[in-house]
Amino acid sequence: MTDATALPGQPRGGVLSGPATARAVNVLAPNPSAMTLDGTNTWILSEPDSGLAVVVDPGPLDDGHLRRVVATAEQAGKRVALTLLTHGHPDHAEGAARFAELTGTKVRALDPALRLGDEGLAAGDVVTVGGLELRVVPAPGHTADSLCFHLPADQAVLTGDTVLGRGTTVVAHPDGRLGDYLDTLRRLRSLTVDDGVHTVLPGHGPVLDDAQGAVEYYLAHRAHRLAQVETAVEDGHRTPAEVVAHVYADVDRSLWPAAELSVRAQLEYLKEHGII
């Protein structure tokens, strides 16, 4: 077996659902797959002594899961007062409208099409509910509408699909752009260095207890893949499919369509910077 402390970000072992920090509880959605790992992490956030909670990413349109989220909050003496979205991919956001019906909450997101209510979310916003404070961190790259949420009281950051608890994420070209994603990773690294963030609460996979290590790994991984793509092009692999077959030969073929999105983003980045 591999020691978890030797893995990037120091992922926690054990059951994913349940308390993760003093203010964060995960309810794992029943939608495991190669892309979603164990399933979508739906986060319930609340001050310990408050009766109000915020839910981040209700997840897929699965009524049983959505009701479990409500029940988990209620069993802890909490009422869900607000719903937030890290981004609009269905495994995170498809259940948001139904969840809003169940809880009577507004849904706040960067993308106006995903909102229920007048308020959206923007970089620099501070969301406060029942004494809980969440700072909105812009995180374009995986998608254009991606956000992270800084939970300063727990020295934690909720990363959606920007940083996963296991493996690496997709830059979902053309909506996602590699240059934006690299800027986002550097922004997250600043949170770990300047703001003391040490815990990653991801959208999929286990909690990471070494946020800086995880972000540094992601940055190094992207640099390595970019160099591989550049070399592949120099060796005559011109199309995204050809580059994927060459660079991602060690990756499960079921993931190649997703890998091709990242390759397209990398090729675009290399062209924009005059490298190829």
Side-chain angles (χ1 to χ4, degrees), residues 12 14-31 38-88 91-110 114-121 125-137 147-161 165 197-209:
R12 291 186 194 173
V15 178
L16 296 183
S17 282
T21 68
R23 293 164 180 81
V25 174
N26 180 31
V27 182
L28 181 65
N31 62 333
D38 310 272
T40 300
N41 294 333
T42 294
W43 291 102
I44 303 173
L45 310 176
S46 180
E47 283 295 316
D49 59 353
S50 172
L52 300 178
V54 176
V55 166
V56 177
D57 289 352
L61 184 54
D62 181 305
D63 216 58
H65 169 66
L66 300 176
R67 290 181 182 277
R68 277 193 297 276
V69 176
V70 175
T72 300
E74 290 178 344
Q75 288 165 9
K78 314 285 186 182
R79 177 178 65 83
V80 179
L82 181 63
T83 302
L84 305 178
L85 298 177
T86 60
H87 65 298
D91 56 311
H92 293 258
E94 187 181 34
R98 173 59 178 150
F99 190 71
E101 289 179 1
L102 292 172
T103 58
T105 61
K106 296 179 179 179
V107 177
R108 295 181 63 181
L110 178 61
L114 299 171
R115 301 172 189 169
L116 291 174
D118 297 330
E119 283 189 288
L121 291 170
D125 283 354
V126 178
V127 177
T128 56
V129 173
L132 181 82
E133 179 184 295
L134 285 173
R135 300 174 185 173
V136 179
V137 181
L147 297 171
C148 293
F149 298 105
H150 177 200
L151 179 55
D154 283 348
Q155 296 179 295
V157 61
L158 290 87
T159 54
D161 281 355
V197 167
H198 56 68
T199 302
V200 173
L201 305 176
H204 303 280
V207 171
L208 300 178
D209 288 318

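- Residues Asp57 and Thr86 have side chains that bring a donor and an acceptor to within less than 3.5 angstrom of each other.
- Rounded to the nearest 0.5 angstrom, Gln155 CD and His150 NE2 are separated by 8.0 Å.
- Looking only at side-chain heavy atoms (C-beta outward), Val207 and Thr199 come within less than 4.5 Å of each other.
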Could you please spell out the steps behind the side-chain contact (heavy atoms from CB on, under 4.5 Å) verdict for Leu28 and Thr40? CA-CA 6 Å; Leu28 181 65; Thr40 300; over 6 Å; no
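- Not one N or O on the side chain of Arg135 forms a donor-acceptor pair closer than 3.5 Å with the backbone of Asp125.
- The backbone N or O of Val80 lies less than 3.5 Å from no partner atom in the side chain of Thr103, so there is not a single donor-acceptor pair.
- Side-chain N or O atoms of Lys78 include one that pairs as donor or acceptor with a backbone N or O of Pro48 at under 3.5 Å.
- Rounding to the nearest 0.5 angstrom, the gap separating the CG atom in Asp38 from the CG atom in Asn31 is 10.0 Å.
- Counting only heavy atoms from C-beta outward, the side chains of Leu84 and Val55 never approach each other to under 4.5 Å.
- Checked against salt bridge (Lys or Arg N to Asp or Glu O under 4.0 Å), Glu74 has no partners two or more places apart in sequence or in another chain.
- Residues Phe99 and Val70 meet the side-chain proximity criterion, which asks for heavy atoms closer than 4.5 Å.
- Inspection of the Asn41 and Asn26 side chains reveals an N or O donor paired with an N or O acceptor under 3.5 Å.
- Between Trp43 and Pro58 the shortest side-chain heavy-atom distance does not fall below 4.5 Å.
- Of all non-hydrogen atoms in Ala81 and Val129, the two that sit nearest each other are CB-CG1, 3.9 Å.
- With contacts defined as side-chain heavy-atom distances shorter than 4.5 Å, the pair Val56/Thr42 does not qualify.
- The OG1 atom of Thr83 lies 8.5 Å from the CG atom of Leu116; values are rounded to the nearest 0.5 Å.
- Listed here is the closest heavy atom pair of Ala24 and Leu45: CB-CD2, 3.5 Å.
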Quick one: do Leu147 and Val137 satisfy side-chain contact (heavy atoms from CB on, under 4.5 Å)? Show the steps, please. CA-CA 6 Å; Leu147 297 171; Val137 181; over 6 Å; no
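- Put simply, the side chain of Arg79 never gets that close to the backbone of Leu52: no donor and acceptor are under 3.5 Å apart.
- Taking every heavy atom of both residues into account, Pro206 and Pro202 meet most closely at O-CG, 3.3 Å.
- Under the 4.5 Å side-chain criterion, counting only non-hydrogen atoms from C-beta, Val157 is not in contact with Leu201.
- With sequence neighbours excluded, no residue satisfies salt bridge (Lys or Arg N to Asp or Glu O under 4.0 Å) with Asp62.
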Decide yes or no on side-chain contact (heavy atoms from CB on, under 4.5 Å) for Ile44 and Val27, but give the supporting numbers first. CA-CA 8 Å; Ile44 303 173; Val27 182; 3.9 Å; yes
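- For the pair Arg23 (side chain) and Glu47 (backbone), a donor-acceptor distance under 3.5 Å is absent.
- Expressed to the nearest 0.5 Å, how far CG of Leu66 lies from CG of Asp63 amounts to 6.0 Å.
- In plain terms, the two heavy atoms of Leu114 and Ala109 that are nearest each other are CB-CB, 3.9 Å.
- Applying the ring-ring contact (aromatic ring centres under 6.0 Å, His included) criterion to His92, with sequence neighbours excluded, gives His87, His204.
- In this structure, Arg115 CZ and Leu85 CG are separated by 10.5 Å, a value rounded to the nearest 0.5 Å.
- Not a single donor-acceptor pair under 3.5 Å links the side chain of Ser50 to the backbone N or O of Ser46.
- In this structure, Arg68 contributes its side chain and Ala29 its backbone to no donor-acceptor pair below 3.5 Å.
- Here the side chains of Arg108 and Val127 are in contact, with some heavy-atom distance below 4.5 Å.
- Proximity of a side-chain donor or acceptor of Thr21 to a complementary backbone N or O of Asp154 within less than 3.5 Å is not detected.
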